[in-house]
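Residues: numbered from 1 along the sequence shown.
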Amino acid sequence: MAGGSGWASGKVLPPEGAGTAQAPQGMGRTPRLPELQESLDSTARDAQGGIVGVSVQGQELPWMIPGVPPPEGVPWLCGTPAERANLAGVRHIVLVLSGKGGVGKSTLSTELALALRHAGKRVGILDVDLCGPSIPRMLRVQDSAVHQCDSGWVPVFVGQDKAIALMSIGFLLERPDDAVVWRGPKKNALIKQFVTDVAWGDLDFLIVDTPPGTSDEHISTVEALRPHQLLGAILVTTPQAVSVGDVRRELTFCRKAGLHILGIVENMSGFVCPHCSECTNIFSKGGGEELAKHAGVPFLGCVPLDPQLSQSLEDGRDFIQEFPKSSAFPALTHIAQQILDTSQRSS
């Protein structure tokens, strides 16, 4: 573990400038989801007209076709300067993916953000799981509202030091039990709006939590983020073969989309008894590590089942700060340290 982090001692390192964030001038309430329907419908209709393209030196290039890189010497040019401006201050973007649902993507996204925050980094989370937005509850900000300023939508800030910024469709629902019953084009339109219209400010990391699969939302997210500082993708699996098989398909998606794979995390990897410390492999063990070896990508580590982790997410508490002696703590902070090391090498 790097000597500069505060994990080993339990000490929280405030991000540079933390606690000084002020609300932008002229803020107003962001419309709830029903009020956004007309603009989303319009964007969705435009998207259905065909593949959006850009012209570079007279050559028409597709917005994105998975697996087809741009011609040599011709950069990807996506979005207008105004659309790119809100992510201009974000140094590194990390996608959290899995072909399987229920493997713990939102858990890993939340804990990775908290670990990076306690390492002294400014962190944002973009929750593009439109049908199952759970991160607002995990961070205990589910009753917060999104506002608008001159630069766009202002994310919800977590904690007194405002070191984590969060945007989720959960903040736009009129009622917590509302379901988002949308076809692909309207989902894609909202994802693009999240990427282009949220005023993130200066961030060291933006963690993007995605739904399971390899379809519309994932393609739209990669399309929208490609012009920015996309560090790569973390793939999450559980140990059993059914989950590993679906994550193998996600590996294929990443390679076709040209996404750098930061590594694979095996979640729910054994249960350590809090009384005798014996580890029981409830969902078997080693599937994620074996997949990483077979695919030739880094294995970031195993995160065990941990009742303290589960309860902290239920209560919206800071697991990294409150449970440094738990069985999942060293695994999560080790994963965060590897992401920090990768970001430093890429800078």
Side-chain angles (χ1 to χ4, degrees), residues 4-6 12-24 27 30 79 81-96 105-106 108-129 135-136 138-139 141 144 146-168 171 191-210 221-222 224-234 259-260 262 318 320 335-347:
S5 73
V12 178
L13 303 179
E16 184 178 351
T20 61
Q22 297 180 355
M27 285 207 308
T30 294
E83 288 176 335
R84 294 195 294 266
N86 278 335
L87 283 172
V90 178
R91 295 181 59 198
H92 304 290
I93 301 174
V94 176
L95 276 73
V96 179
K105 293 182 299 298
S106 296
L108 183 68
S109 297
T110 299
E111 299 308 326
L112 179 59
L114 288 168
L116 292 171
R117 168 199 173 194
H118 290 316
K121 304 301 179 183
R122 289 182 178 177
V123 186
I125 305 175
L126 175 56
D127 182 4
V128 297
D129 191 347
I135 292 185
M138 291 179 172
L139 291 172
V141 290
S144 301
V146 174
H147 293 82
Q148 287 181 311
C149 67
D150 292 341
S151 301
W153 294 356
V154 180
V156 170
F157 291 94
V158 179
Q160 294 183 348
D161 58 4
K162 301 184 185 298
I164 295 180
L166 171 64
M167 174 55 72
S168 170
F171 300 132
I191 288 171
K192 183 179 180 184
Q193 194 159 0
F194 274 170
V195 170
T196 59
D197 289 358
V198 177
W200 293 105
D202 294 328
L203 296 178
D204 296 302
F205 290 92
L206 178 63
I207 311 297
V208 183
D209 182 42
T210 66
T221 301
V222 174
L225 292 174
R226 191 177 290 279
H228 305 286
Q229 303 298 320
L230 194 52
L231 185 64
I234 298 173
L259 277 177
H260 174 60
L262 297 172
D318 187 337
I320 299 296
I335 292 167
Q337 186 61 53
Q338 291 177 85
I339 301 305
L340 281 171
D341 293 344
T342 300
S343 68
Q344 290 168 2
R345 289 194 297 268
S346 70
S347 297

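- Closest of all the heavy-atom pairs between S106 and I135 is CB-CG1, 4.0 Å.
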Exercise. Between W153 and M167, is a side-chain contact (heavy atoms from CB on, under 4.5 Å) present by the stated rule, with each step listed?
Worked result: CA-CA 9 Å; W153 294 356; M167 174 55 72; 3.9 Å; yes

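- Considering CZ of R122 and CG of L203, their distance stands at 8.0 Å, rounded to 0.5 Å.
- Here M138 contributes atom CE and E111 contributes atom CD; the two are 8.5 Å apart, rounded to the nearest 0.5 Å.
- Here the side chains of V222 and L95 are in contact, with some heavy-atom distance below 4.5 Å.
- Side-chain contact between V141 and F171: present, with at least one pair of heavy atoms (C-beta onward) separated by less than 4.5 Å.
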For this session: Verify side-chain contact (heavy atoms from CB on, under 4.5 Å) between L262 and I234, making sure each step is shown before the conclusion.
Result: CA-CA 5 Å; L262 297 172; I234 298 173; 4.1 Å; yes

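- Of the charged side-chain nitrogens involved, none lies within less than 4.0 Å of a carboxylate oxygen, so that D197 and K192 do not count as a salt-bridged pair.
- Distance OG1/T221 to CD1/I191: 4.0 Å, rounded to 0.5 Å.
- With a 4.5 Å cut-off on side-chain heavy atoms, L230 and L259 count as touching.
- For the pair R91/F205, no side-chain contact is recorded, criterion being any heavy-atom separation below 4.5 Å from C-beta on.
- Taking each heavy atom of G124 and W200 in turn, the nearest pair found is CA-CZ3, 4.2 Å.
- Judged by distance alone, with hydrogens and angles left aside, the side-chain atoms of D204 form no donor-acceptor pair with the main-chain N or O of K121 at under 3.5 Å.
- Side chain of D202 to main chain of V90: no donor-acceptor pair is present (N/O by atom type, distance under 3.5 Å, no hydrogens or angles).
- Listed here is the closest heavy atom pair of V96 and T210: O-OG1, 2.7 Å.
- Nearest heavy-atom pair across A199 and P155 is O-CD, 3.4 Å.
- Proximity of L126 to V195: side-chain heavy atoms (C-beta onward) are separated by under 4.5 Å at one or more points.
- Tested against L112 for a side chain to side chain contact (heavy atoms under 4.5 Å, CB included), the candidates L116, T110, L114 yield a single pass: L116.
- Tested against I93 for a side chain to side chain contact (heavy atoms under 4.5 Å, CB included), the candidates L231, I207, L225 yield a single pass: L225.
- Between P136 and V156, every side-chain heavy-atom pair lies at or beyond the 4.5 Å cut-off.
- A heavy-atom distance below 4.5 Å is found between the side chains of L206 and L87.
- Here OG of S144 is found 11.5 Å from CZ of F157. Values are rounded to the nearest 0.5 Å.
- Heavy-atom neighbours of Q229 CD from other residues, nucleotides or ligands within 6.0 Å: at or below the threshold of 12.
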For this session: Would you sort out whether R117 and D318 count as a side-chain contact (heavy atoms from CB on, under 4.5 Å), showing the intermediate values?
Result: CA-CA 11 Å; R117 168 199 173 194; D318 187 337; 3.3 Å; yes

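- Residues S109 and I125 come closest through the heavy atom pair O-CD1, 4.3 Å.
- One finds no salt bridge joining K105 and D129 here, because no Lys/Arg side-chain nitrogen approaches an Asp/Glu carboxylate oxygen to under 4.0 Å.
- Contact check for V94 versus S343: no side-chain heavy atoms found under the 4.5 Å cut-off.
- The CZ atom of R345 lies 4.5 Å from the OG1 atom of T342; values are rounded to the nearest 0.5 Å.
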